[in-house]
Novice: 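The structure's right below; bear with me while I get my questions together.
Note that this is a predicted model, so its numbers are computed, not measured. Counting starts at 1 for both ligands and their atoms, in listed order.
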Amino acid sequence: MTDIDVRVLTDEAEYRAAHTVFRSALHHAPAPDDKWEVAKGSYEPGRTIGAYAGDELVGGTQSFPSALAVPGGAVVPMAAVSRVGVRADWTRRGVLTAMQRAQLKALREGGDVAATLRPSEGAIYERFGYGVATRYREVRIRKREAAPRVPIVGRVRLVPVDEALPLAKELFERLSPGRPGTIARWPGWWDVRVAHSEDKDRLRFAVCSGEDGDDGYIAYKVERGSWDRGVEKPTVLEVMDFWAGNARAWADLWGFTLRVDLVGEVFAFGRPLDEPLEWLMTDRRAVFVEDVADETWLRLVDVEKALSARTYGAAEPVVIGVRDRFLPENEGAYRITSSGASRTDDAPDFELDVEVLGAAYLGDVSFSALAMTGRFAGGSPEAVRRADKLFAVDEAPWSGTFF
Ligand SMILES: CC(C)(COP(=O)(O)OP(=O)(O)OC[C@H]1O[C@@H](n2cnc3c(N)ncnc32)[C@H](O)[C@@H]1OP(=O)(O)O)[C@@H](O)C(=O)NCCC(=O)NCCS
């Protein structure tokens, strides 16, 4: 590889240059001044890395300060890695690899237990230790056939966007960490995705409340349909963000979306795999699952802390050996028991790469499935089944936050 100097960027001019490199890698023009004014708030000190060839910036990546809810309810510090881009005339020369190496090291030194990203393509990040740890589904409900089985029991009210923003933030922070896989949102997330989003004028917020006050909200927009030579394109209510603190709030909010007039379909992107939406309908065939896709790509940056942070199911212990080409500090054997996890000198029952452990960590995929597909080898089926039971979770892990 040509000499590349990878370093932490320090001032606004450098952040803006990195922003431009990233946008150009995604085939967008540089951000105009007004857009940059909004975006610059999401460049936090010490969290942007640039790759230089001489004095030219040819690649960049950054991370947002976040946190991850893990099985058992603990929340660990996590970096949300984003804006990864290499200039088109510098790709496939190891620039991303050099940036990954520097970024992972910096994140570990900074105390992050994990890192996560939402990649543009599926074939890039496993080599750096990221595994798919949560998935989501996209659902479309045809309103004509859809009637919720239960009435709205609480109260659902529309709140103007400017008032809704602090309320949504407060509700999100209160309601979201219940499920493993949910992540903390950083201030720039709300600025870029809501307060200054291109859809801001079309965003609607519905907040629901029960006997104990507000306990859920949705953010949605409506895409108007049309008639073209007798063919109807339905008007679609698109649910962008949906958080409910209990079953009543959940049913009330779905019930609300299905009662908005002049809407043909309700569409929701990124919902949990185990959301029982079909069971809410009088006709379950009103619900179409359009996609099931990877959501969280998870990288365990500090394996020991990550394994110690979560709880485990009831099963006999297993010893897992971990390989990590980018963070050798993680290499070694870990003993997992129903009461916790720790490093051990015992011989491992089986060994795997850190991205395979990352995939299994939140319980979305079993070790048996990973062994069956050749993601690791060497364990007896009985030891692998013990690992399955220890890592099993009650709720499908899910993040619910796209960035
Ligand atoms: C994706 C991107 C960041 C890769 O950067 P890069 O500097 O070319 O990556 P590297 O040269 O370090 O490649 C590392 C390895 O990943 C592989 N790789 C890189 N990009 C890949 C891709 N898009 N698909 C499949 N493999 C890829 C390389 O072949 C190489 O494999 P090897 O280790 O077996 O030799 C760069 O191509 C880019 O900016 N693309 C457009 C923007 C984008 O997709 N950003 C990612 C947003 S998450």
Novice: Identify which one of Val287, Ile141, Leu258, Val150 satisfies the side chain to side chain contact (heavy atoms under 4.5 Å, CB included) criterion when paired with Leu280.
Specialist: Val150
Novice: Got a second to check how far Glu170's CD is from Tyr217's OH, nearest 0.5 Å?
Specialist: 10.5 Å
Novice: Please find out if less than 6.0 Å separates the ring center of Phe242 from that of Tyr220.
Specialist: no
Novice: Within ligand 1, which atoms have a heavy atom of Ala25 less than 4.0 Å away?
Specialist: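 Answer, ordered by atom number: 39 (O), 41 (C), 42 (C).
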Novice: Please indicate whether any nitrogen or oxygen in Glu121 is less than 3.5 Å from any nitrogen or oxygen in ligand 1.
Specialist: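 Yes; the residue has a nitrogen or oxygen that sits under 3.5 Å from a nitrogen or oxygen of the ligand.
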Novice: Looking only at heavy atoms, which two atoms of Arg259 and Lys143 are closest? And how far apart?
Specialist: C-NZ, 4.5 Å
Novice: Should Arg118 be counted as touching ligand 1, given the test is an N or O pair under 3.5 Å?
Specialist: no
Novice: Using a 3.5 Å distance criterion without hydrogens, assess whether the side chain of Trp90 forms a donor-acceptor pair with backbone atoms of Leu57.
Specialist: no
Novice: Suppose I only count heavy atoms of Pro119 and a 4.0 Å limit; which atoms of ligand 1 are within that range?
Specialist: 48 (S)
Novice: When you measure from atom 26 (N) of ligand 1 to every protein heavy atom, which one gives the shortest distance, and what is it?
Specialist: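 Protein heavy atom at minimum distance: Ala123 O, 4.0 Å.
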Novice: Got a protein heavy atom sitting under 4.0 Å from atom 40 (N) of ligand 1?
Specialist: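 No, no protein heavy atom sits under 4.0 Å from atom 40 (N) of ligand 1.
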Novice: Taking 4.0 angstrom as the limit and counting only heavy atoms of Gly85, give me the atoms of ligand 1 inside it, by number and element.
Specialist: 39 (O)
Novice: His28 and Phe22: aromatic ring centres closer than 6.0 Å?
Specialist: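 Distance test on ring centres: not under 6.0 Å, no.
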Novice: Provide, to 0.1 Å, the distance between atom 13 (O) of ligand 1 and the closest protein heavy atom, together with that atom's residue and name.
Specialist: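 Closest protein heavy atom to atom 13 (O) of ligand 1: Thr97 OG1, 4.0 Å.
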Novice: How are the rings of Phe269 and Tyr136 set relative to one another: parallel (under 30°), tilted (30 to 60°) or perpendicular (over 60°)?
Specialist: tilted
Novice: Would you mind listing which atoms of ligand 1 come within a distance below 4.0 Å of any non-hydrogen atom of Val95?
Specialist: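 Every atom of ligand 1 under 4.0 Å from some heavy atom of Val95: 7 (O), 12 (O).
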Novice: Using the benzene-type ring in the case of Trp, are the ring centres of Phe64 and Trp186 under 6.0 Å apart?
Specialist: yes
Novice: Which residue supplies the protein heavy atom nearest to atom 29 (O) of ligand 1, what is that atom called, and how far is it?
Specialist: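 Minimum-distance protein heavy atom for atom 29 (O) of ligand 1 reads Arg92 CD, 3.9 Å.
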Novice: Return the closest protein heavy atom for atom 45 (N) of ligand 1 as residue, atom name and distance.
Specialist: Val84 O, 2.9 Å
Novice: Side chains of Arg118 and Thr116: any donor to acceptor distance under 3.5 Å?
Specialist: yes
Novice: Check each atom of ligand 1 against the heavy atoms of Arg93 and keep those under 4.0 Å away; list them by number with element.
Specialist: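 Ligand 1 atoms under the 4.0 Å threshold to Arg93: 11 (O).
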Novice: So is Tyr125 in contact with ligand 1, going by heavy-atom distances below 4.0 Å?
Specialist: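 Heavy atoms of Tyr125 do come under 4.0 Å of ligand 1.
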Novice: Please work out whether the ring planes of Trp243 and Phe172 are parallel, tilted or perpendicular, with thresholds of 30° and 60°.
Specialist: perpendicular
Novice: Please find out if less than 6.0 Å separates the ring center of Phe391 from that of Tyr361.
Specialist: no
Novice: Give the numbers and elements of all ligand 1 atoms closer than 4.0 Å to a heavy atom of Gly94.
Specialist: 10 (P), 11 (O), 12 (O)
Novice: Does the protein place any heavy atom closer than 4.0 Å to atom 35 (O) of ligand 1?
Specialist: no
Novice: Using the rule side chain to side chain contact (heavy atoms under 4.5 Å, CB included), only one of Val318, Leu390, Thr337 pairs with Tyr312; which is it?
Specialist: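 Output: one option passes, namely Leu390.
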Novice: Looking only at distance, does Val86 have an N or O less than 3.5 Å from an N or O of ligand 1?
Specialist: yes
Novice: From the options Ile124, Val58, Thr61, Leu117, select the one whose nearest heavy atom is closest to atom 1 (C) of ligand 1.
Specialist: Ile124
Novice: Identify, for atom 7 (O) of ligand 1, the protein heavy atom at the shortest distance, and state residue, atom and that distance.
Specialist: Leu96 N, 3.0 Å
Novice: So, is Arg127 polar-close to ligand 1, with some N/O to N/O distance under 3.5 Å?
Specialist: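 By distance alone, the answer is yes.
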Novice: Select the closest option to atom 43 (C) of ligand 1 among Ser82, Ala88, Ser120, Ala51, judged by heavy-atom distance.
Specialist: Ser120
